[in-house]
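Report on the structure given below.
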Amino acid sequence: MKKYKLICRSCGYELTSDGYRCPQCGGILRTVYELSDRERLRKAILDAKSFWDYIDFFPVEEGTEIISLGEGNTPLTEASILADRLGIKKLLLKNEGCNPSGTFKDRCMSISFTKARELHAKGVVIGSAGNAGAAAAAYGARSGLPCNVMLPSDSLDTRKALIQHYGARLIPVEGSVTDCIDLISEVYEEFGWHNVTTAAAYNPFQADAEKAIAYEMAKAMDLKVPDWIIVPIGGGGILTGIYQGYKDLLELGLIDHLPRMIGAQEAGCAPLVNAFREGRDPKDIERVKDPHGVAAAIADAFPLDGETALRAIYESKGLAETAEDQEILEAQSELGRYEGIFAETASAATVAVLKKLLKDGRISPEESVACIISGNGVKELPMLAEGMSFPPSVKNDVDALRSRLSSES
Ligand SMILES: *Cc1c(COP(=O)(O)O)cnc(C)c1O
Ligand SMILES: [Zn+2]
């Protein structure tokens, strides 16, 4: 028996072989796993030491050649200094910045490229704000599959450089990420590419990658669950995946309740938060017209996995909130200063939202919170340097040095 089924979310059709979309109605596919062999699967989770040790929960055939760069298994650190400053008892940071190309997208691409190879792809294409593109480029290099990356032309040069560094073909597009993804759907079949865009609508296989974040966190916490998990939302895939991971753990009896999920967005691009505030149905999220703000990695005008993410938020009695640019930059700085973590702005949005929710009492100081630090700030280093001023240099002279050291600054 196959360990997973691909089922259409719209019409319920069950696929008999792997595919990217429903052959009946074109609907979005989801994977459903057979978890009845509880003892074996519990043991598989508890014994796992690396990302691919969770293969029972990934849509990949046994025996497939795995395309890996050592993704996953990232640290979960207790941020005690920052917690003290914010006035909360327990704050945990899951540092996905430690992945090979600096974001959790490496998990998605490891599965995507493994699957693309299994399905005999000749090449792949992706639409991305830069992070999934960089991850795809790296795994493209690792797998030997030609990789085409489309990203908004106004993306930072550091993001473009990284993609090109890994040898992928870079195609800057005069538009948003959402526009890139729309364009790809018009051409990928014509060119025989597999679409590895990190949204279930285009690539249902990568959607299980983030479940492992939940498995790793639960194990690092001796199978306890934080009261809240704050996740940045771009497309909504990572929040959906982490929540599904916790649901698997609950179904297998490894934990006894689910965490409450919080989606964090940038004030200049908050389609999911807008829908949450108005209490809308998850199907009725509206595209934002003029996405803007500092956190480029989550500037999705329309969250392609927003429906499942908002459903997870409602179901877990969670929340969704925004942060302004200034609040995000301040949180980014605090993560560096007090915890030694260089978070991308998109990831710092989680801490900015936490501060807001503590202030207005929606989170209590007695509760435990885990923030998902989804990416490493290094790709935004030029932006960080631009916003700083540095002290003047001292003469190469010990008296000059003494005088500087005894002065205030
Ligand atoms: C992609 C990305 C996100 C958002 O993930 P989604 O699955 O699109 O919601 C958040 N942070 C970083 C650093 C990312 O690269
Ligand atoms: Zn269908």
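Ligands are counted one by one from 1 in listed order, and the atoms in each one are counted from 1 as well. Heavy-atom basis, side chains included; hydrogens, waters and symmetry copies ignored.
Classification of Glu34 and Lys3 as a salt-bridged pair fails, no side-chain N sitting under 4.0 Å from a carboxylate O. A salt bridge links Asp360 and Arg362; the closest N-O separation between the charged side-chain nitrogens and carboxylate oxygens is under 4.0 Å.
The N/O atoms of Phe104, backbone and side chain alike, include none that comes under 3.5 Å of an N/O atom in ligand 1. Considering backbone and side-chain atoms together, Ile233 places no N or O closer than 3.5 Å to any N or O of ligand 1. Checking only distances, Gly234 does come within under 3.5 Å of ligand 1, N or O to N or O. Between Asn131 and ligand 1, a contact under 3.5 Å exists for at least one N or O pair. Residue Glu344 places no N or O, backbone or side chain, under 3.5 Å from any N or O of ligand 1. When only interatomic distances are considered, the shortest N/O to N/O separation between Ala297 and ligand 1 does not fall below 3.5 Å. Between Gly235 and ligand 1, at least one pair of N/O atoms sits closer than 3.5 Å.
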Test Glu96 against Thr74 for side chain to side chain donor-acceptor pair (under 3.5 Å), laying out the working first.
-> CA-CA 6 Å; Glu96 289 293 299; Thr74 55; 2.6 Å; yes
Are Asn131 and Arg159 close enough, and set up right, to give a side chain to side chain contact (heavy atoms under 4.5 Å, CB included), and what steps lead you there?
-> CA-CA 7 Å; Asn131 284 336; Arg159 295 186 190 279; 3.0 Å; yes
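Annotation for Arg9: atom CZ counts as buried by contact number, over 12 foreign heavy atoms lying within 6.0 Å.
For ligand 1, the atoms closer than 4.0 angstrom to any heavy atom of Gly375 are 13 (C). Atoms of ligand 1 found under 4.0 Å from any heavy atom of Ile298 (numbered from 1 in listed order, with element): 3 (C), 4 (C), 10 (C). Which parts of ligand 1 touch Gly237 is read off a 4.0 Å heavy-atom cut-off, strictly below it: atoms 6 (P), 7 (O), 9 (O).
Contacts between Lys105 and ligand 1 below 4.0 angstrom, taking non-hydrogen atoms only, involve the side chain exclusively. In Val231, neither the side chain nor the backbone holds a heavy atom less than 4.0 Å from any atom of ligand 1.
Defined by atom type and a distance below 3.5 Å, a donor-acceptor pair is missing between the side-chain atoms of Glu278 and Asn274. Side chains of Tyr215 and Asp248: a donor on one and an acceptor on the other come within 3.5 Å. Side-chain contact check for Ser101 and Asp106: at least one donor-acceptor pair (N or O, by modelled atom type) lies under 3.5 Å. With no hydrogens or angles considered, no side-chain donor-acceptor pair links Glu344 and Thr103 at under 3.5 Å. With hydrogens and angles left out, the side-chain atoms of Asp208 and Thr31 include a donor and acceptor closer than 3.5 Å.
Ranking protein heavy atoms by distance to atom 12 (C) of ligand 1, first place goes to Ser374 OG, 3.3 Å. For atom 9 (O) of ligand 1, the closest non-hydrogen atom on the protein side is Gly236 N, 2.7 Å. Of all protein heavy atoms, the one closest to atom 7 (O) of ligand 1 is Ile238 N, 2.9 Å.
For Thr198, the closest heavy-atom approach to ligand 1 does not fall below 4.0 Å.
If you look at Phe57 and Tyr4, their ring centroids are not closer than 6.0 Å.
Vertex the Zn ion (ligand 2), arms ending at SG of Cys25 and SG of Cys22: the angle is 110° after rounding to 10 degrees.
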